[in-house]
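None of these values were measured; they are calculated from a predicted model. First listed ligand is number 1; within each ligand, the first listed atom is number 1. Count residues from 1 along the sequence.
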Amino acid sequence: MHLRLTDEQKMVQQTIRKFVEKELMPLENEVLRREREGKPSLPEGKLQELRLKAKEAGFWGINTPEEYGGADLGQMMMALVYMEVSKTFVPFTFGGSADNILYYGNEEQKKKYLLPTINGEKKSCFAMTEPGAGSDTTNIKMTAVKDGNEWVLNGEKTFITGGNEADFVMAIAITDKELHQKTRGREGVTCFIVDRDMGWKSEFIHTMGEWGPAGLVFDNVRVPEENILGELHKGYNLGLEWIGFARWVVGARAVGTAERLLQMAIDYAKERETFGKPIAERQAIQWMIADSAVDIEAARWLVLNAAWTLDQGEDNRHYASMAKLYGANMGNRVVDKVMQIHGGMGYTRELPIERWYREARLWRIYDGTDEIQRLIISRNLLKGHVKLGI
Ligand SMILES: Cc1cc2nc3c(=O)[nH]c(=O)nc-3n(C[C@H](O)[C@H](O)[C@H](O)COP(=O)(O)OP(=O)(O)OC[C@H]3O[C@@H](n4cnc5c(N)ncnc54)[C@H](O)[C@@H]3O)c2cc1C
């Protein structure tokens, strides 16, 4: 057992840290200004420029297999990279990657969708959630009915990240009602790759945070048979795999963000004086700093454990749920304390704390709510799928 980073991991961490400090953090004021003017956080051209700069620094396709031109850094490295990138709210994502489930495509689909997504020529989104089916993914109502060589899709999806910008969506629809009922939603659904120009419409959803997902409407959208992703009637597992991928990453993001926030609070507490001394000398403030530091550290190790487990080729779902549940809640506790330490200034829009406060609230909701993570963790223990301890 070795509880320290290897030299290689430290090198990657330092390189990405420098990139974040040099290229991303200086853009924070511009991002805040643009968002307050109701504009996208950064223009697409600027984001592309940043992706190419990251590529020069060796960060391109960080989770993409080498045969597709990626760096395939592994999950531990990814965790470290996400923690660093999340120290800023500049909405940067690395180039050269694609959704995990697109790799299940056949050769033709890989040429048409996977490779252009990796190369940044096409944007994708994934749609499982519907107005009547969020946590209960087995309750979807969207249907796909076969007509000759095509499937006709009807229904609605909601809260789809990237749905306003995507060129195509991977949408889950019921293809066999009887099988769907008999298997309680686990079979009889299929994942379709649907180009925007096949006719689905998207509508921006305004949220508390700074990026808006989309509602999607499918009204007799005709999709060719060859656009089925994976196997017919077996789309449910693809859906779970897509959702599962990002789960522990939410925890990693929370760790990075909380670390930056806590550092802001430490710096502020040393400067801000009340009743003749810095507030850093008050026990009330010291305890908030100490509790936050312990909270961050606990979340970090849960995240690293989830990532490490996956790197060993083991099933990490139990640990991913723990990392997501604890990380998301830790992030909310820390941002709240950091706002408290900043007093009135923390509540203003002069500082980015209120922005992070709004963003952090989402972490407890998407990719499976707190309650769903608890349900998974307790079910694994009660059914004996996982034992306590290591
Ligand atoms: C900004 C944003 C982006 C998103 N991006 C995507 C995306 O790209 N693709 C996609 O498919 N979806 C996406 N989602 C959907 C997201 O995954 C769902 O919102 C989430 O799973 C919760 O579903 P719901 O909103 O329907 O809440 P519900 O399922 O209706 O839950 C309501 C409340 O009941 C609780 N609850 C539900 N069931 C139980 C239970 N069995 N036991 C105890 N409590 C329970 C929940 O925890 C919650 O507190 C996104 C959501 C948001 C807000």
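- Between A133 and ligand 1, not a single N/O pair is under 3.5 Å apart.
- Shown here is N149, whose CG atom has no more than 12 heavy atoms of other residues, nucleotides or ligands within 6.0 Å.
- The cationic atom of K324 (NZ for Lys, CZ for Arg) does not lie both less than 6.0 Å from the six-membered ring centre of W248 and within 45° of the ring axis.
- Short contacts between ligand 1 and D367, defined as distances under 4.0 Å to a heavy atom of the residue, involve ligand atoms 17 (O).
- T309 and E314 share no side-chain donor-acceptor pair at under 3.5 Å.
- When distances from atom 41 (N) of ligand 1 to the protein are checked, a heavy atom turns up under 4.0 Å.
- Taking a cut-off of under 4.0 Å to the non-hydrogen atoms of I365, the atoms of ligand 1 that pass are 20 (C).
- The distance criterion of under 3.5 Å between nitrogen or oxygen atoms is met by S135 with respect to ligand 1.
- Neither the backbone nor the side chain of D370 comes within contact range of ligand 1; no heavy atom lies under 4.0 Å.
- The N/O atoms of L362, backbone and side chain alike, include none that comes under 3.5 Å of an N/O atom in ligand 1.
- Protein heavy atoms are found less than 4.0 angstrom from atom 15 (C) of ligand 1.
- Between the side chains of Q75 and W308, not a single donor N or O lies within less than 3.5 Å of an accepting N or O.
- None of R34, K46, E35, E210 except one satisfies the side-chain hydrogen bond (donor to acceptor under 3.5 Å, both in side chains) rule with S41; the exception is E35.
- An N or O contact shorter than 3.5 Å links F159 to ligand 1 by distance.
- Ring orientation note: the planes of Y103 and Y68 are nearly perpendicular, at an angle over 60° on the 30°/60° scale.
- Below 3.5 Å of separation, one finds no N or O of Y366 facing any N or O of ligand 1.
- In terms of N/O distances under 3.5 Å, ligand 1 is approached by T129.
- In this model, no donor atom of one side chain and acceptor atom of the other lie less than 3.5 Å apart for D72 and N63.
- The single protein non-hydrogen atom nearest to atom 3 (C) of ligand 1 is T161 OG1, 3.2 Å, given as residue, atom name and distance.
- Under a 4.0 angstrom heavy-atom cut-off, W242 registers as being in contact with ligand 1.
- A donor and an acceptor atom, one from each side chain of T137 and Y236, are located under 3.5 Å apart.
- Distance check for atom 10 (C) of ligand 1: a protein heavy atom is found below 4.0 Å.
- Here is the list of ligand 1 atoms found below 4.0 Å of a heavy atom in F126: 7 (C), 8 (O), 9 (N), 10 (C), 11 (O).
- Judged purely by distance below 3.5 Å, without hydrogens or angles, the side chains of N332 and Y357 never pair a donor atom with an acceptor atom.
- Protein heavy atom at the shortest distance from atom 26 (O) of ligand 1 is G134 CA, 3.1 Å.
- In T207, neither the side chain nor the backbone holds a heavy atom less than 4.0 Å from any atom of ligand 1.
- One option in E371, Q373, K157 has a heavy atom closer to atom 48 (C) of ligand 1 than any other, and that option is E371.
- Relative orientation of the W356 and F89 rings is perpendicular, given thresholds of 30° and 60° on the angle between their planes.
- Close contacts of ligand 1 with I160, meaning ligand atoms under 4.0 Å from a residue heavy atom, involve 7 (C), 8 (O), 9 (N), 10 (C), 11 (O).
- By the definition of a contact as any protein heavy atom under 4.0 Å away, atom 35 (C) of ligand 1 is not in contact.
- Looking only at atom types and distance, the side chain of R260 has no donor-acceptor partner in the side chain of Q263 under 3.5 Å away.
- From the protein, the heavy atom lying nearest to atom 39 (C) of ligand 1 is I372 CD1, 4.1 Å.
- Under the side-chain hydrogen bond (donor to acceptor under 3.5 Å, both in side chains) test applied with Y113, the options D167, N227, D99 reduce to a single match, N227.
- Side chains of E241 and Y104: a donor-acceptor N/O pair is present below 3.5 angstrom, by distance only.
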